[in-house]
Amino acid sequence: MASDQAIPLTSQQEEILEQFRGQVFQEGILREGDSIGTDDWTLLRFLRARKFNINEAKMMMKSAQHWRKTAVGVGIDELYKTLDLYDYPNREQVFKFWSMFFHKTDKLGRPLNFEFLGNCDLPELYKHITPEKHWEAIIVMTEALTREVLPAASRAAGRHIKGSFVIVDLKGFGLFQFWQVKNLVQESFQIYQDYYPEAMAKLAIVNAPSSFAFIWSIIKPWLAKETTEKIDILGPDYQKVLLDLIDAESLPTALGGKCTCESAGGCELSGAGPWKDERLIQQTATNDTVQGSSQSPSSETTAEGPELREEGLPTNS
């Protein structure tokens, strides 16, 4: 395996990786084709989260695999097939009261995950979507990061991209909203840390309210030390800091950038990024295949659209 481009592996870590790979397959924790990912980068995420302790990393992966089979009663694979992150009922209304989305990449090629929490209003949100369906959408968004978003960002960058850059805007967010979303936020962090380890490269908080010290005192104990070390709370000059890391054309205007995605209904609805570009290409290929088949009714070949994990496209598995 080629060494990790961000943090090269030591010879001891290379050896541990090979031992870990052999053991998770031998013990049936991992099987070829599992959607969690079977490549070295996936294995390294679990090893790094447990400081290269093989037994602890195996326990973590085993727990993640169990959760993936049982999540929301149907399992992750079935849920990901049935809920399209970019096209589900009342999606536009959902974003008015729960605005969290992937949008383009930073200068290092990392996917950007924006979260605007000032407009959070769960009572209003649940007039348009049930709490259960909302939770499913949150899970699918988390799954999309490792299944679709990071692999597409890596292909676009021409190198492996390890994690996302999360930007949380707390403008207008206060204790009223916090008590509403507290449980959801805690459960979301738990899923990220337990089942998608090391998938977040950096988190920046901007426009923190005066009540944030109290809010942070509640949130911080939920987080692993490794997670808190990736979090920066930016001051009044946050726009300059963000623009040093992100091209203005990729940063929404609400945060000091130039992007509006006006033709797509706004940055939050656009899904803009390499992952969306790949979907559009594949949808076009599917339509062309179906159209060609309909024009050749005598052909014995069935016209099935290409999977997102088409051979020749590097993926997370």
Using modelled atom types only, decide if a donor and an acceptor are shared between the side chain of Trp275 and the backbone of Gly271 within a distance under 3.5 Å. yes
For Glu27, does the CD atom sit with more than 12 other heavy atoms under 6.0 Å from it, leaving out its own atoms? yes
Is the closest side-chain donor-acceptor distance between Asn119 and Ser99 under 3.5 Å? no
Measure from the side-chain N and O atoms of Thr82 to the backbone N and O of Leu79, and report whether any donor-acceptor pair falls under 3.5 Å. yes
Above 12 or not: heavy atoms from other molecules or residues under 6.0 Å from NZ of Lys182? yes
So, for Leu269 and Ala264, which heavy atoms are closest and what is the spacing to 0.1 Å? CB-O, 3.8 Å
Is Arg21 salt-bridged to Asp40, going by a charged N under 4.0 Å from an acidic O? yes
Going by an N to O cut-off under 4.0 Å, is there a salt bridge joining Asp87 and Arg91? no
Atom CD of residue position Glu229 - does it have more than 12 heavy atoms of other residues, nucleotides or ligands inside 6.0 Å? yes
Between CG of Leu43 and CZ of Arg48, what distance do you get to the nearest 0.5 Å? 11.5 Å
Establish, yes or no, whether the cationic atom of Arg279 lies under 6.0 Å from the six-membered ring centre of Tyr86 and within 45° of the ring axis. no
Closest approach of Gly37 to Leu30 (non-hydrogen atoms, all atoms of both residues): O-CD1, 3.8 Å
Salt bridge Lys69-Asp34, side-chain N to carboxylate O under 4.0 Å: no
Gln93 atom CD, over 12 foreign heavy atoms within 6.0 Å: yes
One thing to verify: whether Glu143 and Arg68 come together as a salt bridge, which I'm taking to mean a side-chain N less than 4.0 angstrom from a carboxylate O. yes
Main-chain N/O of Leu184 paired with Glu187 side-chain donor or acceptor, under 3.5 Å: no
If we count only N and O atoms by modelled type, under 3.5 Å, do the side chains of Tyr195 and Gln190 hold a donor and an acceptor together? no
Locate the shortest heavy-atom distance separating Gly33 from Thr38; write the atom from each residue and the value. N-CG2, 4.1 Å
Flag the pair Glu198 and Arg50 as a salt bridge only when some basic side-chain nitrogen lies within less than 4.0 angstrom of an acidic carboxylate oxygen. no
Is atom CD of Glu262 surrounded by more than 12 heavy atoms (other residues, nucleotides or ligands) closer than 6.0 Å? no
Aromatic rings Phe101 and His103: how do their planes relate, parallel, tilted or perpendicular, breaks at 30° and 60°? perpendicular
Run the side-chain hydrogen bond (donor to acceptor under 3.5 Å, both in side chains) check on Asp247 and Ser250 step by step: do they pass? CA-CA 5 Å; Asp247 289 328; Ser250 297; 5.1 Å; no
For the student: nearest non-hydrogen atoms of Ala152 and Pro274, plus distance: O-CB, 3.6 Å
Would you call Lys133-Glu136 a salt bridge at under 4.0 Å N-O? yes
Evaluate the ring planes of Phe173 and Phe178, with Trp represented by its six-membered ring, and classify them as parallel (under 30°), tilted (30 to 60°) or perpendicular (over 60°). perpendicular
Relative to the ring of Trp41, is the ring of His160 parallel (under 30°), tilted (30 to 60°) or perpendicular (over 60°)? parallel
In short, Gln193 meets Ala224 closest at the heavy-atom pair OE1-N, 2.8 Å
